[in-house]
Amino acid sequence: VKLSARSEPAARDLVRHAFADVGGNANLARSWARFAKRYDRGARREVLDLLTTLHFPVLLLWADEDRLHPLDAAEEALDLLPDGMLRVLPGTGFLIAYDDPVGVARELAAFCG
Amino acid sequence: LKLRLHHHHDGARVAYREAGTGPAIVLVHSAMLTHREWEPVVEHLSDRFRVILPDLPLHGDSEDRPRHPYTLDWLAEVLAGFCAETAGARPLVGGHGLGAEILLRAVELGLLEPGKLVLAPTRTAPAGAAAGATASWRLARARRASRGSTAPSRTARAWPSAPTSA
């Protein structure tokens with residue numbers, strides 16, 4: 001899976017950093033096993049019901065080249081949100097903040113400011 | 001960015017970094033990553049916001065001891081407590097992937113009431129499943145139409161809520 005649409009070299013370092021400790025940490029492996037056993041990978045339709053009840057502003061900040069999270073999902077969510085907004089950053093992948101840090105910061109500041 | 005620790009009441013530790021001054025905004029990373037996922041945006045936000053970047057339990061420098069349950073509900077409780085302590089009431093919160101899922105669960109459980117919420121790409125809507133169901137229904141309808149038959153196909157019968165008129 002390609003995480004960075006713009007092939008940012010720092011993105012590779014990010015992932016390497018995240019896993020640096022895993023090999024030597026037995027606690028972490030056991031805790032991860034607990035999490036994985038209980039984590040529901042299936043569809044949680046109740047999230048859709050939840051979205052219709054959110055009465056605070058919600059910004060969907062989406063990447064347009066993230067195949068794991070297609071834009072359809074954000075558009076479906078946008079239809080359900082009472083106070084929702086969708087912003088799509090062009091040329092970004094899963095690691096949206098690495099592909100376009102200025103764009104992400106701009107959207108966050110405009111929405112939260 | 002300076003490392004700080006938040007202690008949940010059950011003993012779980014959440015490591016976090018913060019930078020800047022202004023209204024607090026908590027940005028939560030995705031599964032298998034760390035607070036560093038949001039680091040590139042800090043320099044562009046820290047002049048206007050106090051940017052708070054936690055490591056989720058099981059990630060980075062945060063809690064990893066196996067005595068905690070690590071369910072979605074537990075993670076939601078820990079993260080809601082973290083947001084309340086570090087960012088106050090009705091905080092600005094954002095999440096990516098698993099981080100966003102946990103934030104939504106915290107809202108669902110009534111533990112977290114954000115002032116504003118940012119959802120970066122996440123499984124908000126299980127679009128895969130929904131799209132799959134819609135696609136198979138469309139396919140069944142198209143096949144039925146092309147055959148010119150009015151009898152519902154086996155696939156169509158599996159979706160009783162689908163309208164029968166083509």
Side-chain angles (χ1 to χ4, degrees), chain A residues 8 10 13-15 17-19 21 25 27-40 42-48 50-51 53-54 56-63 66 68-70 72-74 76-77 80 94-98 100-102 104-109 111-113, chain B residues 22-23 25 27 29-34 36-45 48-49 51 57-61 63-72 74-75 90 92 94 96-98 101 104-105 107-108 113-131:
Chain A
E8 279 291 322
D13 190 47
L14 166 78
V15 175
H17 171 262
F19 286 95
D21 192 31
N25 188 339
N27 263 353
L28 183 59
R30 284 169 62 200
S31 300
W32 260 109
R34 290 196 114 177
F35 170 75
K37 200 163 73 185
R38 289 156 196 212
Y39 182 65
D40 178 12
R44 286 187 66 227
R45 298 303 297 187
E46 62 268 29
V47 172
L48 299 182
L50 173 70
L51 293 179
T53 67
L54 300 181
F56 44 78
V58 178
L59 169 66
L60 298 156
L61 184 55
W62 233 250
D66 182 355
L68 291 175
H69 303 101
D72 307 5
E76 190 185 358
L80 299 171
F94 179 76
L95 292 174
I96 189 168
Y98 273 75
D100 189 3
V102 176
V104 169
R106 184 189 62 228
E107 297 300 339
L108 288 177
F111 175 71
C112 296
Chain B
I25 178 167
L27 298 174
H29 65 82
S30 179
M32 319 303 274
L33 298 173
T34 68
R36 285 182 40 166
E37 191 198 336
W38 288 104
E39 258 183 12
V41 305
V42 170
E43 62 170 312
H44 306 290
L45 286 176
R48 266 185 285 177
F49 296 93
V51 188
L58 298 173
H59 299 78
D61 301 307
E63 186 61 52
D64 60 9
R65 289 168 292 183
R67 65 190 174 91
H68 297 288
Y70 298 104
T71 56
L72 189 60
W74 180 80
L75 292 165
R90 301 188 62 80
L92 304 168
H96 181 209
L98 178 65
E101 269 179 58
L104 281 172
R105 184 62 181 153
V107 171
E108 197 178 357
E113 171 101 6
K116 291 182 180 181
L117 174 66
V118 180
L119 299 173
T122 185
R123 216 175 45 138
T124 47

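So you know, we letter chains A, B, ... as the sequences are listed, proteins then strands, and number each from 1. Predicted model only: the values in this text are computed from it and were never measured.
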Heaviest contributor of heavy-atom pairs below 4.5 Å to chain A, chosen from R65(B), H68(B), H96(B), H59(B), is H96(B)

If you tally heavy-atom pairs under 4.5 Å between each of L72(B), T34(B), L117(B), L33(B) and chain A, the highest tally belongs to L117(B)

Under 4.5 Å to a heavy atom of chain A? For L58(B) that would be both

- Got K37(A) and Y70(B) here, is their nearest side-chain heavy-atom distance under 4.5 Å? no

> Under 3.5 Å, side chain of R38(A) to main-chain N/O of P69(B), donor-acceptor pair present?
Replying inline: yes

Cut-off 4.5 Å, heavy atoms of chain A, and the answer for P23(B) is neither

When the 4.5 angstrom heavy-atom criterion is applied to R48(B) and chain A, the contacting part is side chain

Q. Could R106(A) and D100(A) be called an ion pair, given the rule that one side-chain N must be under 4.0 Å from one carboxylate O?
A. no

Whatever's closer than 4.5 Å to a heavy atom in chain A on P57(B) counts as neither

Cut-off 4.5 Å, heavy atoms of chain B, and the answer for F35(A) is both

Heavy-atom distance under 4.5 Å between the side chains of L51(A) and V58(A), does that happen here? no

- prompt: Is a side-chain donor or acceptor of W62(A) paired with a backbone partner of A73(A) at a separation under 3.5 angstrom?
  reply: no

Bottom line for L80(A): the part with an atom under 4.5 Å from chain B's heavy atoms is neither

CD1 (I25(B)) and CH2 (W38(B)) are apart, to the nearest 0.5 Å, by 8.5 Å

Applying a strict 4.5 Å limit to non-hydrogen atoms, the region of R105(B) in contact with chain A is side chain

| query | Do F49(B) and L108(A) come close enough that some side-chain heavy atom pair is under 4.5 Å? | reply | no

